[in-house]
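Structure record follows, encoded as structure tokens.
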Amino acid sequence: NRALVPAPSTVAQKLVALVGAGEVLRPLGETLALLALAYVGACAVAVAVGLLMGRFAWVHGLLEPLVEVLRPLPKPALLPPLILFLGIGAEMKLTIIGLGVFFPVLVNTVQGVRGTEPVLLDMARTFGHGRARTLLTVVLPAALPMVLAGMRVSLGLGLVLVVIAEMMAGTGGVGYLILDMQRSFRVPEMYAWTVILAVLGWGLNALFVRLERRVTHWSLATRE
């Protein structure tokens with residue numbers, strides 16, 4: 001049924017028209033800005049908390065029950081209560097994206113910290129490093145491959161959640177446009193925006209892989 005599944009050439013024409021008219025810039029900018037703000041903030045908090053949980057047993061014992069209660073919850077299921085408390089504005093979107101990003105980075109950071117070679121910690125003590133300096137100059141670099149692996153997973157989850165949040169809020173961004181095109185039965189445009197979203201996800205992942213290889217080149221060389 002061409003009304004529901006238009007020909008790829010029709011979708012391609014709509015895609016070229018959208019890109020040529022510059023209509024993709026504003027929605028993409030809104031989505032990327034929202035994703036970047038929530039992603040960076042959640043990753044920073046997750047790495048800091050993960051370092052403490054992985055290095056200090058009392059911190060792990062204090063926070064681990066709460067983490068294990070919240071981590072398995074499907075984050076889209078939290079949208080209704082978040083909308084009740086925060087409305088449908090940017091606060092709700094940032095919160096739901098941040099929750100989705102936070103836990104994979106946290107878990108990977110804890111595992112990376114716990115996997116630090118004891119020899120490195122002994123060397124830090126030998127050179128008289130304090131706890132804070134050991135965390136930042138020894139433990140964090142050693143855990144960095146695991147941290148970046150968690151951040152890469154969280155990037156995909158963050159993109160999924162920003163689209164869902166925009167669909168629920170109906171206040172702009174790529175997610176809202178895809179839903180709006182479906183509701184108005186502009187099917188070719190709907191598929192065109194879906195293709196744009198797929199390209200966006202692929203591009204973000206490709207950029208992160210390049211960054212990961214550049215930052216942890218020493219780890220890759222060791223594995224080879």
Side-chain angles (χ1 to χ4, degrees), residues 8 11-12 14-51 75-76 90 93-113 115 136 140-167 169 172-179 189-224:
V11 176
K14 293 296 182 181
L15 180 61
V16 171
L18 287 172
V19 174
E23 296 180 20
V24 302
L25 297 179
R26 183 175 178 180
L28 275 180
E30 292 176 359
T31 297
L32 285 173
L34 199 62
L35 175 62
L37 186 59
Y39 180 78
V40 172
C43 284
V45 175
V47 170
V49 176
L51 284 173
K75 301 309 175 286
K93 298 176 185 177
L94 291 171
T95 302
I96 194 66
I97 300 164
L99 286 172
V101 170
F102 178 81
F103 290 102
V105 180
L106 175 67
V107 171
N108 272 40
T109 302
V110 171
Q111 295 303 316
V113 170
L136 295 177
L140 180 58
L144 198 55
M146 287 288 291
V147 174
L148 290 176
M151 291 175 66
R152 183 181 174 189
V153 172
S154 290
L155 184 61
L157 293 175
L159 184 59
V160 170
L161 288 169
V162 71
V163 171
I164 293 175
E166 288 172 344
M167 287 181 173
V174 177
Y176 165 72
L177 277 175
I178 292 175
L179 188 61
E189 288 90 342
M190 180 193 73
Y191 283 110
W193 278 107
T194 304
V195 171
I196 291 170
L197 190 60
V199 173
L200 174 63
W202 175 84
L204 290 175
N205 182 72
L207 286 173
F208 195 91
V209 168
R210 293 192 64 178
L211 174 66
E212 185 178 12
R213 289 176 177 173
R214 183 179 293 270
V215 172
T216 60
H217 59 88
W218 50 270
S219 177
L220 294 174
T222 302
R223 295 175 195 171
E224 294 173 357

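The residues of the chain are indexed from 1 along the displayed sequence.
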*Step by step, would you call T95 with L99 a side chain to side chain contact (heavy atoms under 4.5 Å, CB included)?*
CA-CA 6 Å; T95 302; L99 286 172; 4.2 Å; yes
*What's the verdict on side chain to side chain contact (heavy atoms under 4.5 Å, CB included) for M151 and L148, showing C-alpha distance, side-chain angles and the deciding distance?*
CA-CA 5 Å; M151 291 175 66; L148 290 176; 3.9 Å; yes
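- Of all heavy-atom pairs spanning A192 and K14, the tightest one is CB-CB, 4.2 Å.
- Among residue pairs with one or both ends in residues 27-50, those qualifying as salt bridge (charged side-chain N to carboxylate O under 4.0 Å, His left out) are R26-E30; sequence neighbours excluded.
- Using a 4.5 Å heavy-atom threshold, the side chains of L35 and L204 count as touching.
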Contacts table for residues 105-113: side-chain donor-acceptor under 3.5 angstrom, sequence neighbours left out:
residue, atom, partner, partner atom, Å
N108, ND2, M146, O, 2.9
T109, OG1, V105, O, 2.6

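- For A169, the side chain to side chain contact (heavy atoms under 4.5 Å, CB included) partners are I88, M92, K93, T171, not counting sequence neighbours.
- Heavy-atom minimum distance, P145 versus A142: CD-O, 3.6 Å.
- With sequence neighbours excluded, the residues satisfying side chain to side chain contact (heavy atoms under 4.5 Å, CB included) with Y176 are D180.
- One distance of note links OH of Y39 with CG of L94; it measures 15.5 Å at 0.5 Å rounding.
- Between L37 and I97, the closest side-chain pair of non-hydrogen atoms is not below 4.5 Å.
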Show me the donor-acceptor pairs within less than 3.5 Å that the side chains of residues 152-162 make with the rest of the protein, sequence neighbours left out.
residue, atom, partner, partner atom, Å
R152, NE, N205, OD1, 3.1
S154, OG, V101, O, 2.9
S154, OG, G150, O, 3.1

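- To the nearest 0.5 Å, atom CD1 of residue I164 and atom CG of residue L179 are 12.0 Å apart.
- Separating the CH2 atom in W193 from the CD atom in E23 is a distance of 7.5 Å, to the nearest 0.5 Å.
- Looking at heavy atoms from C-beta onward, V174 lies in side-chain contact with I178 at the 4.5 angstrom threshold.
- A search for side-chain hydrogen bond (donor to acceptor under 3.5 Å, both in side chains) contacts involving T31 returns E166, not counting sequence neighbours.
- Note that the CG atom of L32 and the CG atom of L25 stand 11.0 Å from one another [nearest 0.5 Å].
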